[in-house]
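For clarity, every value in this text was computed on a predicted model and none was experimentally measured.
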Amino acid sequence: MAKIAERIINYIEMLGVHDKGLKRAHARGYYYEAKVELTPEGQALLGDTQQAVIRLSDAPPNKRTPAQLVSLKGLAIHFKESDSHFIFVNFPYFPFVKRESVLMLMTYINAIKQTDDWCVRMNLMRKIGRLEDFGQKLGKFVSHFPLSTSRQHQTYHNLHYYQTDKDYVRFHVVYEDDIRLYVERYTAPCSIEVLRNDGDIRQIGRLTITREIDIDLPYFELLKTGPHLQPLREDDIIYLRDEMYQISAERRLNEKNSES
């Protein structure tokens, strides 16, 4: 039986909205080289890294949706020297913490697309609302959904916690003229569905984009976090995302090979 990550990718493809040969999410993206300047605290977390590759992206699985209509944006960083990868989005939490919930969400979305019966559609939407009580938290989701369609002048969040030798950390960046990197330090982690304001937040670095480059990284490997950070075993979604990105990359390569 196909694993959950593969089944979710299958459902994304069944929607028929992705572009072949491109990522199954955040299809439109632009790569840049960046100079990295880290504080001593930043180096203790991320290593003595001075160069990075940055990808700025739009969330849809195709390039057909105009960028000026897309408010959900992504910012991914590959720190070269430590070969570590971090993905950020301009949304401060993730509404589901179980991979089974993401699978059921995509199952119901596909079922909605396939039926013309509005009673069936409403029943399926109620089922979506019952996934991890999403319907009861809809106000939270709507109130935090980004409105600006600009890539700059936004805060991007890496939603996952990492364990250090003394505490737990998350990161976020503020993209203005350059990209300011912040650490959030906590004595204990929470679910990635929880919004927090109790962290010890400090700027630990700055990334300056130097030029756009013509490359295409197969995928950002979320479990590669460098020598000083450890993803949490109980974080089901980070492992699901990593599996999904790998499957997506393999299928993209197969599509490109079949066209050549």
Side-chain angles (χ1 to χ4, degrees), residues 1-18 23-27 57 59-62 72 74 76 85-115 117 119-145 157-163 168 170 186 188-196 219-225 229-252:
M1 184 177 179
K3 57 184 179 181
I4 288 179
E6 185 175 359
R7 292 168 65 189
I8 293 172
I9 294 293
N10 290 344
Y11 278 128
I12 292 173
E13 294 175 348
M14 287 168 59
L15 288 172
V17 295
H18 76 284
K23 298 177 185 292
R24 274 26 180 192
H26 291 261
S57 62
N62 60 68
L72 191 59
H85 302 239
F86 299 90
I87 291 180
F88 302 78
V89 293
N90 60 339
F91 192 72
Y93 75 99
F94 192 74
F96 304 108
V97 300
K98 301 175 184 176
R99 62 178 58 206
E100 292 83 4
S101 299
V102 180
L103 174 61
M104 294 311 302
L105 173 67
M106 295 310 303
T107 303
Y108 296 148
I109 290 175
N110 267 273
I112 289 172
K113 180 177 182 291
Q114 292 169 14
T115 183
D117 188 323
C119 290
V120 174
R121 286 184 174 182
M122 291 302 298
N123 186 49
L124 290 165
M125 291 174 66
R126 282 193 289 268
K127 288 180 179 293
I128 291 174
R130 289 197 288 268
L131 291 173
E132 299 187 32
D133 295 326
F134 178 67
Q136 297 180 22
K137 306 169 186 174
L138 192 58
K140 170 185 172 184
F141 181 84
V142 171
S143 64
H144 287 90
F145 201 84
H157 306 266
N158 179 271
L159 305 177
H160 303 287
Y161 291 87
Y162 306 95
Q163 187 169 10
Y168 299 88
R170 292 199 301 185
Y186 302 95
C190 281
S191 160
I192 60 173
E193 183 268 335
V194 174
L195 293 166
R196 301 185 71 171
Y219 72 104
F220 286 81
E221 304 178 55
L222 295 188
L223 302 184
K224 284 189 174 182
T225 55
L229 301 172
Q230 183 63 44
L232 303 189
R233 292 302 311 176
E234 60 268 29
D235 184 355
D236 202 22
I237 299 301
I238 194 171
Y239 292 94
L240 173 67
R241 292 175 73 188
D242 190 71
E243 293 170 21
M244 290 173 59
Y245 295 164
Q246 183 173 351
I247 294 168
S248 172
E250 292 169 352
R251 294 191 181 182
R252 290 172 56 216

Can you tell if the side chain of [X] reaches within under 4.5 Å of the side chain of [Y], non-hydrogen atoms only?
{"X": "Arg121", "Y": "Thr115", "result": "yes"}
{"X": "Tyr219", "Y": "Arg252", "result": "no"}
{"X": "Ile128", "Y": "Leu105", "result": "yes"}
{"X": "Glu243", "Y": "Ile4", "result": "no"}
{"X": "Arg99", "Y": "Ile8", "result": "no"}

Open item on the list: If you apply the rule side-chain contact (heavy atoms from CB on, under 4.5 Å), what do you find for Gln163 with Tyr168, and how did you get there?
Closed with: CA-CA 5 Å; Gln163 187 169 10; Tyr168 299 88; 3.6 Å; yes
Least distance between heavy atoms, [X] atom then [Y] atom:
{"X": "Glu193", "Y": "Pro95", "value": "CG-O, 3.8 Å"}
{"X": "Phe91", "Y": "Tyr93", "value": "CD2-O, 2.9 Å"}
{"X": "Cys190", "Y": "Tyr161", "value": "O-CE1, 3.0 Å"}

Task: Stepwise side-chain contact (heavy atoms from CB on, under 4.5 Å) check, Phe94 with His160 - done: CA-CA 9 Å; Phe94 192 74; His160 303 287; over 6 Å; no
TODO: In sequence, state the C-alpha distance, the side-chain angles, and the governing distance for Asn158 and Arg170, and then conclude on side-chain contact (heavy atoms from CB on, under 4.5 Å).
DONE: CA-CA 7 Å; Asn158 179 271; Arg170 292 199 301 185; 5.5 Å; no
Task: Stepwise ring pair (Phe, Tyr, Trp, His ring centres under 6.0 Å) check, Phe134 with Phe96 - done: CA-CA 8 Å; Phe134 178 67; Phe96 304 108; 5.5 Å; yes
TODO: Evaluate whether atom CE of Met14 has more than 12 neighbouring non-hydrogen atoms of other residues, nucleotides or ligands under 6.0 angstrom away.
DONE: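 Counting other residues, nucleotides and ligands, CE of Met14 exceeds 12 neighbours.
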Open item on the list: For a side-chain contact (heavy atoms from CB on, under 4.5 Å) check, start with the C-alpha distance between Arg7 and Thr107, then their side-chain angles and the critical distance, and finish with the verdict.
Closed with: CA-CA 9 Å; Arg7 292 168 65 189; Thr107 303; 5.8 Å; no
